[in-house]
Amino acid sequence: MKTVFSRIEHARTADGVVRQIETLILEGVLRDGDRLPGERELARQLDVSRPILRDALKALEERGLILTRHGGGTYVADVIGQVFSSPVSALIASHRKATADYLEYRREIEAIAADFAARRATPEDLVLLRAIMERMDAAHAAQDFEAEAASDIEFHNAIVECAHNIVLLHTLRACYRLLSDGVFLNRTRIYAMPDARNTLLAQHRAIHNAIVAGDPAAARAAAVAHIDFVEKATFDAERTGDWQRISRLRLNQRGGAEAAEP
């Protein structure tokens, strides 16, 4: 496996090591939970002494960018996508209007991200994006909801990586963190809507194809159409859920199962 670390070319100091690892984290190359190579191997890859590496790792840990597990190695801390604090996330989750605002925000920002991705994606980016699309196809064919939902979030994260804009990367990852944590949208309900899974897959494929073709206008339009559908499906799912809740209450009030008998 090729390394993401490179030899420190000039002054081999702890600051040089810190800057390289900070950049890799900022650019989303190193993601939360990624394990760094062992001290000896990392020092070799960076071509610095082990005392210099130790100083650098200590500085990174003090800044909250990495963490060391006793006897278990050194890992990237959970810092990417942490734009919303826990109290703000809790407030968002408790206010229904926030869902509409969330989707409105995503519609505009994801359109920009898809546009940039179509212009800027490298061949290596497209390899990763295609692999995610293939996993999504496989999960869809196997009717594996959990795998399909996971690849959905991974797909959108990959698009913003293809956009090569650090601010977009962090703000959209924060949005997707809220989604994966269940703060927004009941994906189970959406996937249960008639033909929703097929529609979502087709929309993801349209975004993917436009990025691969290098067509910014088509990528932007496909991203907007996708969020428009999610918005409508969310509304329909919530409305259907409300109907079912009220119907059950009526049935219970009027005698439960006995009331359903002719």
Side-chain angles (χ1 to χ4, degrees), residues 28 81 99-180 183-238:
T99 299
D101 288 350
Y102 170 79
L103 289 170
E104 180 180 66
Y105 179 80
R106 275 189 60 186
R107 179 190 294 109
E108 301 305 317
I109 301 303
E110 287 191 16
I112 295 171
D115 182 306
F116 285 0
R119 299 173 190 271
R120 301 173 178 177
T122 67
E124 293 80 5
D125 288 330
L126 297 180
V127 168
L128 288 173
L129 196 60
R130 183 173 63 249
I132 295 169
M133 196 71 236
E134 289 172 353
R135 288 198 291 275
M136 191 183 297
D137 284 333
H140 182 82
Q143 297 188 14
D144 185 338
F145 166 74
E146 292 299 328
E148 193 169 4
S151 61
D152 183 329
I153 294 175
E154 190 179 5
F155 177 77
H156 287 288
N157 271 312
I159 290 172
V160 73
E161 289 176 350
C162 292
H164 292 280
N165 181 294
I166 289 171
V167 176
L168 275 177
L169 175 69
H170 287 264
T171 53
L172 276 175
R173 277 195 173 175
C175 283
Y176 302 146
R177 174 66 63 85
L178 293 175
L179 182 62
S180 62
V183 173
F184 286 117
L185 313 181
N186 188 324
R187 287 180 293 167
T188 303
R189 281 188 180 180
I190 293 175
Y191 272 61
M193 299 294 288
D195 209 40
R197 291 177 62 247
N198 290 332
T199 301
L200 289 169
L201 181 66
Q203 290 175 341
H204 288 134
R205 187 174 289 116
I207 298 170
H208 171 259
N209 291 345
I211 292 171
V212 171
D215 188 336
R220 180 184 285 265
V224 169
H226 172 56
I227 299 300
D228 281 346
F229 173 78
V230 171
E231 186 174 53
K232 183 180 184 304
T234 299
F235 173 77
D236 289 347
E238 288 181 349

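- In this structure, the side-chain hydrogen bond (donor to acceptor under 3.5 Å, both in side chains) partners of E148, at least two apart in sequence or on a different chain, are H140, R197.
- Judged as a side-chain hydrogen bond (donor to acceptor under 3.5 Å, both in side chains), and not counting sequence neighbours, the contacts of E124 are T122.
- Atoms OG1 and CD1, on T171 and I166 in that order, are 11.5 Å from each other to the nearest 0.5 Å.
- Here the shortest heavy-atom pairing between C162 and D125 reads SG-CB, 3.6 Å.
- Of all heavy-atom pairs spanning I211 and A114, the tightest one is CG1-O, 4.1 Å.
- Taking SG of C175 as the reference point, atom NE2 of H156 lies at 11.5 Å (rounded to 0.5 Å).
- A distance of 14.0 Å separates CG in L103 from NZ in K232, rounded to the nearest 0.5 Å.
- Of all heavy-atom pairs spanning L168 and A163, the tightest one is CD1-CB, 4.4 Å.
- Residues L200 and H226 meet the side-chain proximity criterion, which asks for heavy atoms closer than 4.5 Å.
- Of all the heavy atoms in A219 and A118, the pair that sits closest is CB-CB, 4.0 Å.
- The CG atom of L201 sits 8.5 Å away from atom OG of S151, with the distance rounded to the nearest 0.5 Å.
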Report task. Show the numbers, then the answer: is there a side chain to side chain contact (heavy atoms under 4.5 Å, CB included) between R130 and V212? Result -> CA-CA 9 Å; R130 183 173 63 249; V212 171; over 6 Å; no
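- Here salt bridge (charged side-chain N to carboxylate O under 4.0 Å, His left out) pairs that include residues 200-219, with residues two or more places apart or in two chains, are D137-R205.
- We find the NE2-CD1 distance between H204 and I132 to be 11.0 Å, quoted to the nearest 0.5 Å.
- Heavy atoms only, all atoms of each residue included: L172 and A113 are closest at CD1-CB, 3.9 Å.
- Inter-residue side-chain proximity for R106 and V230 is flagged as unmet; no heavy-atom pair is nearer than 4.5 Å.
- Ring pair H208/F155 is tilted by interplanar angle, where 30° to 60° counts as tilted.
- Residues satisfying the salt bridge (charged side-chain N to carboxylate O under 4.0 Å, His left out) test with R135, not counting sequence neighbours, are E154.
- In terms of the salt bridge (charged side-chain N to carboxylate O under 4.0 Å, His left out) criterion, residue partners of E161 (sequence neighbours excluded) are, by chain and number, R31, R173.
- Note that the OH atom of Y105 and the CD1 atom of I227 stand 12.5 Å from one another [nearest 0.5 Å].
- Note on residues 217-229: pairs passing salt bridge (charged side-chain N to carboxylate O under 4.0 Å, His left out), not counting sequence neighbours, are R107-D228, D115-R220.
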